[in-house]
Amino acid sequence: MTSLELLAPAKNLECGIAAIDQGADAVYIGASRFGARVAAGNSVDDIRQLCDYAHQYGASVYVTVNTILYDDELEETCHLIEQLYVAGVDAILVQDMAILQMNLPPIALHASTQTDNRTSAKVSWLQQLGFRRVVLARELSVDEIAAIHREVPGVELEVFVHGALCVSYSGLCYASQNCFGRSANRGACAQFCRMKFDLVDADGREIEHQRHLLSLKDMNQSDHLGELIEAGATSFKIEGRLKDIGYVKNVVAAYSQRLDDYIARHPERYRRASQGRCTYAFQPRLEKTFNRGFTTYFLHGRQPDIFSPDTPKALGEYVGKVKEVRRDSFNVAGTATFANGDGLCFFNADHELEGFRINRAVGNRLYPLQMPADLHAGVALYRNHDMEFERLLARPGSVRKIPVSMVLEATADGFALSADDITVTLAIEHREAEKPQRENIVRQLSRLGGTPYECSGVAMTDDFNYFIPSSQLAELRRLLVARLQQKTTMATAADRPQQSGATAPVDFYPLPYLYNVSNRLSQQFYGADSLSAFELKGGSGPLMQCRHCLRYALGYCVKHGGRRPQWREPLFLRLADGRRFRLEFDCSQCQMNVLKG
C-alpha cells in the first residue's frame with residue numbers, strides 16, 4: 001500500500017503546528033540560516049518543538065538547507081545539520097552538493113527543486129548519490145512525471161500542487177543577482193519576475209508597454225491530485241514559507257480533504273502517511289486566501305492564460321460587477337455577501353490593480369472608507385480580504401485526533417489495557433463490583449483530552465464485573481497513552497536511511513556557472529576547479545530559463561497555431577530604468593531564455 005503525504009509550509013512554529021492540526025502529513029521549515037527564504041528562519045529549539053508535536057501523529061518535519069554555500073559557511077552548515085538531527089528532524093532539503101562531502105549523521109536527504117530536477121537522468125543520478133526523495137520541477141506535466149516514475153521507480157517523487165510559481169526553472173535564475181546583487185540561490189530573491197517590462201523588438205518598436213510579462217498566476221492542482229497520484233508522485237507540496245497562518249490553515253485543510261476523498265475511493269491502494277482524523281471549524285475555500293488567479297501550469301502540456309500580466313498582486317475571489325455608483329457608495333450585482341472591513345480591488349483605467357476597504361456593508365450596497373475615483377458601473381470586483389472568513393480561520397476548534405479502540409481484560413494479578421498492538425498492565429487486587437461499572441470504566445478510559453488520541457470504544461468481556469478505582473483506571477490510561485506516543489515517535493525516528501556514497505557526476509549543463517558551485521567541497525565533488533557560481537564570477541549565458549514563453553502567451557507561436565509576428569527579432573524586455581534583457585526562443589526545447597541585453 002502506498003503512503004501519500006500532504007506537505008505544508010511553515011513560516012514558524014505556530015504555522016507548523018497549525019498545518020499539522022489541519023491534516024498535513026509533513027511540514028517543511030527553514031532553520032536560522034541556509035534556507036531558500038532568508039525571511040523565514042527559525043531556531044533549532046523551535047524546530048525541536050515542532051518535531052515533538054508532529055511526531056505524535058507520525059507526521060514528519062523537513063528543514064530547508066537548500067542555499068548554495070560559501071567556504072566560510074561549510075563548518076557552520078555541518079554543525080547545523082548535526083543539531084537538526086539531534087532535534088529529531090526527519091530530512092533536510094539540499095541544493096549544494098558540498099553537503100554530500102560532509103561527515104553527516106544518518107539524516108535523510110531530499111534533493112530540493114533548486115537542483116533543477118526535470119529529467120529521469122537527473123533524478124536517477126540524485127538517487128545514486130543517496131537522495132531518498134527528489135522534488136520535481138514545477139514545470140513538469142503529468143505525463144513527464146509518470147515517465148520519471150517508470151524509469152526511476154525507487155525514489156520518492158515530490159511535486160508542487162499549490163502556490164506561487166517561479167517563472168524560471170528553480171536553481172537556474174540569476175536575474176535577481178545580476179540586477180540587484182540578491183541571489184535567489186542564496187534565499188534573497190528580489191522577485192525580478194514580478195516587475196514591469198516593455199517588450200520591444202530589434203528596431204526598438206514597443207510591442208507591450210509596462211506590463212508584468214514574467215509574472216505567473218498561482219498553481220492550483222486541487223482538482224488533479226488523482227492524476228498526480230497515478231503518475232507516481234507520493235508527496236504533494238504547498239508553496240508558501242512566507243505565508244501567514246490563515247493561508248496555511250485554509251490551504252492545508254482544503255488539500256487534506258481532497259486527499260482523503262481520493263483515498264476513500266481507493267482504500268486498498270493508498271493511505272495517508274501520518275495518523276489522525278481532522279474536524280474543522282471552517283469550510284476551506286482556496287479562492288479566499290492569497291492568490292494571483294489560478295493555473296494548472298503545464299500539467300497537461302502548454303496552455304494559454306498561465307501568466308498575470310496586469311498585476312503581480314493578489315486578486316482574491318471574483319465577487320461580481322459594480323451595478324450603480326453614488327456619491328459615497330455603490331452596489332454590486334451578484335450573489336456574494338459582504339462584511340464591514342472587507343478588502344476589494346479592481347483594475348482601473350490605467351490597468352492598475354486598485355484596492356480599497358469597505359467601511360460599511362448594507363446588503364450589497366457598500367460604503368468605502370474612501371470612494372475610488374475610477375469606480376464605475378460594469379467594473380469587475382475582486383475580494384482579496386474576506387473579514388468573515390478570516391474570523392472563522394482565527395477561531396479555535398479545528399482538532400486532529402487519532403482514534404484508538406481499547407480492550408480491557410483481567411489478568412492473574414490485575415488488569416491489562418490494550419490498543420493498537422500495545423498492552424500495558426497494572427497490578428491491582430480484583431474486587432467484585434456491587435453495581436454495574438461499565439459506564440464509569442468507559443468514561444474514565446475515554447478521557448484523552450490533551451493527547452493526540454480519542455477513544456473510539458472500550459471492549460470488555462460479557463462477564464467483566466470488577467470495581468476498579470478511577471485513579472487506577474487513569475493510571476492504566478496514562479501508561480497506554482505513553483506507550484502509544486513512544487511507538488509513533490520511534491517509528492518516525494527509525495525511518496532514516498544511511499546516506500550512500502557519491503558517484504561520479506554526470507554532465508548536465510553546457511555552461512560552468514549553471515552547476516552553482518560556490519565552495520571548495522562542491523568543486524571537489526564535481527572534480528572540476530573551473531566550475532564557479534554566477535554569484536562568484538558571473539556568466540555570459542541565460543539569466544533565466546523559462547517554460548513560459550511570451551511568443552506563445554501573446555498568441556505569436558506559429559508552432560502552436562498562433563499568428564505570424566510582424567516584429568523583427570531579437571526581442572527585448574526593458575525595465576522602466578532602461579535596462580534591457582534579450583529573449584532567446586529555443587523552440588527545440590520549447591523554452592524561452594532571458595539573457596543580458
Side-chain angles (χ1 to χ4, degrees), residues 6 8-24 27 29 37 39-40 161-164 217-220 222 238-258 278-294 308 311-320 322 329-332 334-346 353-370 372 375 380-400:
L6 178 60
K11 178 170 67 174
N12 51 34
L13 174 61
E14 182 187 21
C15 286
I17 289 174
I20 297 297
D21 287 344
Q22 307 308 313
V27 295
I29 189 170
R37 297 287 186 277
V161 292
H162 198 89
K217 293 181 176 181
D218 286 0
M219 180 183 280
N220 181 347
S222 59
I238 298 165
E239 189 279 336
R241 271 200 301 124
L242 298 179
K243 295 294 193 298
D244 60 23
I245 193 168
Y247 178 94
V248 170
K249 285 182 174 181
N250 185 34
V251 178
V252 170
Y255 276 86
S256 186
Q257 289 181 348
R258 298 291 182 98
C278 297
T279 57
Y280 300 103
F282 63 96
Q283 180 61 43
R285 298 272 302 277
L286 291 172
E287 72 277 8
K288 292 284 190 182
T289 42
F290 186 101
N291 70 85
R292 301 174 176 89
F294 290 129
S308 178
T311 181
K313 298 178 182 177
L315 280 176
E317 60 174 330
Y318 173 74
V319 291
V322 175
S329 67
F330 64 95
N331 61 7
V332 180
T335 60
T337 58
F338 300 91
N340 300 348
D342 278 357
L344 301 181
C345 57
F346 67 99
L353 192 67
E354 185 173 339
F356 60 97
R357 185 78 67 181
I358 296 301
N359 191 43
R360 184 163 59 97
V362 183
N364 69 342
R365 178 152 291 278
L366 308 179
Y367 295 81
L369 194 61
Q370 184 175 352
L375 199 67
L381 283 176
Y382 301 86
R383 174 163 47 197
N384 53 15
H385 185 81
D386 187 322
M387 281 296 294
E388 187 56 36
F389 189 70
E390 292 298 323
R391 288 191 192 101
L392 287 173
L393 286 178
R395 289 178 188 169
S398 294
V399 177
R400 179 173 182 171

- prompt: Do Val319 and Phe338 have side-chain heavy atoms sitting under 4.5 Å apart?
  reply: yes
field: Point-to-point distance, once rounded to the nearest 0.5 Å, from CG of Asp21 to OG1 of Thr279
entry: 10.0 Å
Let me have the donor-acceptor pairs involving side chains of residues 358-370, under 3.5 Å, with sequence neighbours excluded, atom names and distances please.
residue, atom, partner, partner atom, Å
Asn364, ND2, Val332, O, 2.8
Arg365, NH1, Ser329, OG, 2.7
Arg365, NH2, Glu324, OE1, 2.4

query: Would a 4.5 Å heavy-atom cut-off, applied to side chains only, mark Asp244 and Thr289 as touching?
result: no
task: Taking all heavy atoms of Pro9 and all of Ile238, pick out the closest pair and write down the distance.
output: CD-O, 3.4 Å
With a cut-off of 3.5 Å and sequence neighbours excluded, list every side-chain donor-acceptor pair involving residues 382-390.
residue, atom, partner, partner atom, Å
Arg383, NE, Glu317, OE2, 3.1
Arg383, NE, Asp386, OD2, 3.4
Arg383, NH1, Thr337, O, 2.7
Arg383, NH1, Asp342, OD2, 2.9
Arg383, NH2, Glu317, OE2, 3.2
Arg383, NH2, Thr337, O, 3.4
Asp386, OD1, Glu388, N, 3.2
Asp386, OD1, Phe389, N, 3.0
Asp386, OD2, Lys288, NZ, 2.5
Glu388, OE1, Arg391, NH1, 3.0

- prompt: What are the two closest non-hydrogen atoms of Phe356 and Pro372, and how far apart are they?
  reply: CD2-CG, 3.5 Å
- request: Compare every heavy atom of Ala281 with every heavy atom of Pro396, then report the nearest pair and how far apart it is.
  value: O-CB, 4.1 Å
- prompt: Under the ring-ring contact (aromatic ring centres under 6.0 Å, His included) test, which residues partner Phe294, sequence neighbours left out?
  reply: His162
- request: Give the minimum heavy-atom separation between Ala314 and Cys345, together with the two atoms involved.
  value: O-SG, 4.3 Å
task: Decide yes or no on side-chain contact (heavy atoms from CB on, under 4.5 Å) for Leu286 and Asn291, but give the supporting numbers first.
output: CA-CA 9 Å; Leu286 291 172; Asn291 70 85; over 6 Å; no
- prompt: Looking only at heavy atoms, which two atoms of Val248 and Ala19 are closest? And how far apart?
  reply: CG1-CB, 3.7 Å
- request: Kindly compute the distance separating OG (Ser398) from CG (Leu393), expressed to the nearest 0.5 Å.
  value: 8.5 Å
- prompt: Would you say the side-chain atoms of Arg400 pair up with the backbone N or O of Ala24, donor to acceptor, closer than 3.5 Å?
  reply: yes
task: Answer yes or no on whether Lys243 is positioned over the face of Phe290, meaning its NZ or CZ is under 6.0 Å from the six-membered ring centre and within 45° of the axis.
output: yes
- request: Output all residues satisfying side-chain contact (heavy atoms from CB on, under 4.5 Å) with Gln257, sequence neighbours left out; order by chain, then residue number.
  value: Tyr280, Gln283, Pro284
- request: Go through the structure and list residues passing salt bridge (Lys or Arg N to Asp or Glu O under 4.0 Å) with Asp218, not counting sequence neighbours.
  value: Arg292
statement: dist Arg258:CZ -> Leu6:CG (nearest 0.5 Å) comes out at 12.5 Å
- prompt: By side-chain contact (heavy atoms from CB on, under 4.5 Å), which residues pair with Glu14, not counting sequence neighbours?
  reply: Asn12, Ile245
- request: Any chance you could measure Gln22, atom CD, to Tyr255, atom OH, to the nearest 0.5 Å?
  value: 15.5 Å
